[in-house]
Participant: 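Take a look at the following structure, please.
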Number of protein chains: 2
Amino acid sequence: MRLNQATDYAFRAVLHLAQLPPGEVVEAQVIAGRECIPIRFLLKILRLLTKAGIVNSHRGVGGGYALARSPEKITLLDVLTAVEGPVRINRCLVDPEFCSRQGPPHCAVHNALRAIQTTLIQQFQSYNFAQLAGRTSSRPAGEKLKSGEPATGSAITGPEPVNA
Amino acid sequence: MRLNQATDYAFRAVLHLAQLPPGEVVEAQVIAGRECIPIRFLLKILRLLTKAGIVNSHRGVGGGYALARSPEKITLLDVLTAVEGPVRINRCLVDPEFCSRQGPPHCAVHNALRAIQTTLIQQFQSYNFAQLAGRTSSRPAGEKLKSGEPATGSAITGPEPVNA
DNA sequence: AGAAAGTTCACCCAAGCAGTATACTTTAGG
DNA sequence: CCTAAAGTATACTGCTTGGGTGAACTTTCT
């Protein structure tokens, strides 16, 4: 139930690019150095992001990487699926082959898991990198937002850790 | 980003017990047979559930397993953490050792992940096995609930799959 | 031409997942 | 009290994934 290290690195690499002036190209070396990511591994991750159309790569001497579109059009979900593939909480949900309960169309547990997965995905989708790049750390706390708040952003605010 | 097979089996084993008359003891063999779970593997999982106080085991000839408390007091989260340990979406969130961004108290990405993890946990907590055992499959669809709805149940309803 | 960037492909080691094996303890019943 | 039917304990195995490295290549600027 956890996302892997490459995804975490990818988040921070994209965040790094999002904090730069738009269109700015920066070498992988610089990102690796500033974010403490092993360079070879970062390059591998950046290739995934390139293939997914999230960043553009520039080869040759003054080369490097830049965001392929504006940060508010890039969500955590975009980066997550670029690195790990589609989110699936349970293999059963996507591949009925694996479900040992063939009887009912889907058992109660799987309906629940499907619902959980759906909101999880929506959550990842609700964060974009313009938001994240905005305030470097802890949100202003006074943050009031009309509970309709559409379009680009507005994640459910869940500030304090709940357990463990 | 997925939960493992043992957890899925555990969910269905507990659901099986929840669908029986309260206090009924049933052998692992039977659960394994009906839910198509490899018996040895199921026994291993049942030991985890026993240690966590979710089921009680009865040894000897007429032995078997039964729920240790009433089904509405057992949530998906209980079973999940019994099998997999505490939910942590990102090792960074729990073990600052691993965070390469020591600079700010926590970077924007991690604040977002923390919030996502919190709602994820709440989601798993919002399903109990009395609910799940009740309607075998698809919820009644007309399901209206006051958006305050406390205590035992009431998950956020997220009916249709969102992508992939 | 050559240095500085990214690309490709292939490899490696460790950990976790899914499941199995063996030997044991407890309990009911004859 | 012996035995069979249940669960318990510990350890092992094969496989996949995660996390990362190596070496040789291509592109581009100067």
Side-chain angles (χ1 to χ4, degrees), chain A residues 1-13 17 24-33 35-52 54-66 68 80 83-85 88-92 95 97-100, chain B residues 1-13 17 24-33 35-52 54-66 68 80 83-86 88-92 95 97-98 100:
Chain A
M1 209 56 228
R2 99 184 54 157
L3 29 83
N4 62 31
Q5 193 55 20
T7 305
D8 192 51
Y9 288 155
F11 285 159
R12 283 186 291 119
L17 293 175
E24 177 140 338
V25 172
V26 61
E27 310 94 294
Q29 277 294 356
V30 173
I31 304 175
E35 304 289 343
C36 299
I37 304 171
I39 175 64
R40 308 308 244 93
F41 196 33
L42 175 61
L43 284 166
K44 191 181 200 169
I45 294 165
L46 284 168
R47 275 194 295 283
L48 294 173
L49 296 176
T50 306
K51 266 178 70 175
I54 293 170
V55 305
N56 284 137
S57 69
H58 300 267
R59 308 177 64 163
V61 172
Y65 296 87
L80 172 55
V83 176
E84 297 194 15
R88 50 196 198 297
I89 265 187
N90 184 324
R91 63 185 188 186
C92 240
D95 194 344
E97 191 84 13
F98 281 116
C99 196
S100 31
Chain B
M1 210 55 229
R2 99 184 55 158
L3 29 85
N4 62 32
Q5 194 56 21
T7 305
D8 191 51
Y9 288 154
F11 285 158
R12 282 186 291 120
L17 293 175
E24 177 140 337
V25 171
V26 61
E27 310 94 294
Q29 276 295 356
V30 173
I31 304 175
E35 305 288 343
C36 299
I37 304 172
I39 175 64
R40 310 310 242 94
F41 196 32
L42 175 61
L43 284 166
K44 190 182 200 169
I45 294 164
L46 284 168
R47 275 196 295 283
L48 293 173
L49 296 175
T50 305
K51 266 178 71 175
I54 292 168
V55 305
N56 284 137
S57 69
H58 300 266
R59 307 177 63 161
V61 171
Y65 296 86
L80 173 55
V83 176
E84 297 193 15
R88 51 196 197 297
I89 265 187
N90 185 325
R91 63 185 188 185
C92 240
D95 192 345
E97 190 86 11
F98 281 116
S100 30

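Naming: A, B, ... by sequence-line order, numbering from 1 per chain.
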Participant: Any side-chain N or O of B:T50 below 4.0 angstrom from OP1/OP2 of D:dG7?
Facilitator: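 No.
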
Participant: Whole Å only: how far is the CG atom of B:L48 from the P atom of C:dA18?
Facilitator: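 Whole-Å distance recorded here is 13 Å.
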
Participant: Within a reach of under 6.0 Å around CD of A:Q29, are more than 12 heavy atoms found that belong to other residues, nucleotides or ligands?
Facilitator: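 No.
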
Participant: Do A:I31 and A:L17 make a side-chain contact, defined as non-hydrogen atoms from C-beta onward lying under 4.5 Å apart?
Facilitator: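 When only atoms from C-beta onward are counted, A:L17 and A:I31 do touch, with a gap below 4.5 Å.
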
Participant: With heavy-atom distances below 4.5 Å as the criterion, would you say the side chains of B:T50 and B:Y65 are in contact?
Facilitator: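 Side chain of B:T50 against side chain of B:Y65, heavy atoms only: contact under 4.5 Å found.
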
Participant: Starting at CG of B:L42 and ending at P of C:dG19, how long is that distance when rounded to a whole Å?
Facilitator: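 Going from B:L42 (CG) to C:dG19 (P), I get 11 Å.
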
Participant: Please list, in numerical order, the residues of residues 58-66 of chain A that have a heavy atom closer than 4.0 Å to any atom of DNA chain D.
Facilitator: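 Within residues 58-66 of chain A, the residues near DNA chain D are A:R59, A:G60, A:V61.
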
Participant: In Å and rounded to the nearest 0.5 Å, what is the CZ to OG distance from B:R47 to B:S57?
Facilitator: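 Spacing of CZ (B:R47) from OG (B:S57) equals 10.0 Å.
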
Participant: So, do B:L48 and B:I54 sit near enough that their side-chain heavy atoms are less than 4.5 Å apart?
Facilitator: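 Not touching, per the 4.5 Å side-chain cut-off.
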
Participant: Within the 4.5 Å heavy-atom criterion, are B:N56 and B:V25 side-chain neighbours or not?
Facilitator: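 No, side chains not in contact.
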
Participant: Would you compute the distance between atom CD of A:E27 and atom CD1 of A:I39 and round it to the nearest 0.5 angstrom?
Facilitator: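 One gets 9.5 Å once the value is rounded to the nearest 0.5 Å.
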
Participant: Just to be sure I understand the geometry, which residues of residues 26-33 of chain B put a non-hydrogen atom under 4.0 Å away from DNA chain C?
Facilitator: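 None, since no heavy atom is under 4.0 Å.
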
Participant: Using a 4.0 Å heavy-atom cut-off to protein, can you give one letter per nucleotide of nucleotides 9-20 of chain D, 5' to 3': B if the base is in contact, S if only the sugar-phosphate is, - if neither?
Facilitator: B-B------SSB

Participant: Show the nearest heavy-atom pair for residues A:L3 and A:E84, with the distance to one decimal.
Facilitator: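 Closest approach of A:L3 to A:E84: CB-OE2, 3.2 Å.
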
Participant: I need the A:I45 CD1 to A:R40 CZ distance, nearest 0.5 Å.
Facilitator: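 So the CD1 of A:I45 and the CZ of A:R40 are separated by 13.0 Å.
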
Participant: Roughly how far, to the nearest 0.5 Å, is OG1 of B:T7 from CG of B:L80?
Facilitator: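 Interatomic distance, B:L80 CG to B:T7 OG1, rounded to 0.5 Å: 5.5 Å.
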
Participant: In this structure, how many angstroms lie between the C1' atom of C:dG19 and the CD1 atom of B:I45, rounded?
Facilitator: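 For the pair B:I45 CD1 and C:dG19 C1', the rounded distance is 10 Å.
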
Participant: Can you measure A:L46 atom CG to C:dT8 atom C1' for me and round it to whole angstrom units?
Facilitator: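 Computing the A:L46:CG to C:dT8:C1' distance gives 15 Å.
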
Participant: Can you tell me how far apart CZ (A:R2) and CE (B:M1) are? Round to the nearest 0.5 Å.
Facilitator: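 Going from the CZ atom of A:R2 to the CE atom of B:M1 covers 10.5 Å.
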
Participant: Send over the distance from B:N56 CG to C:dT26 P, rounded to a whole Å.
Facilitator: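 Interatomic distance, CG of B:N56 to P of C:dT26: 18 Å.
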
Participant: Hey, does the side chain of B:S57 come within less than 4.0 Å of D:dT8's phosphate (OP1/OP2), counting only N and O?
Facilitator: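 So the side-chain polar atoms of B:S57 do come within 4.0 Å of the phosphate oxygens OP1 or OP2 of D:dT8, strictly under.
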
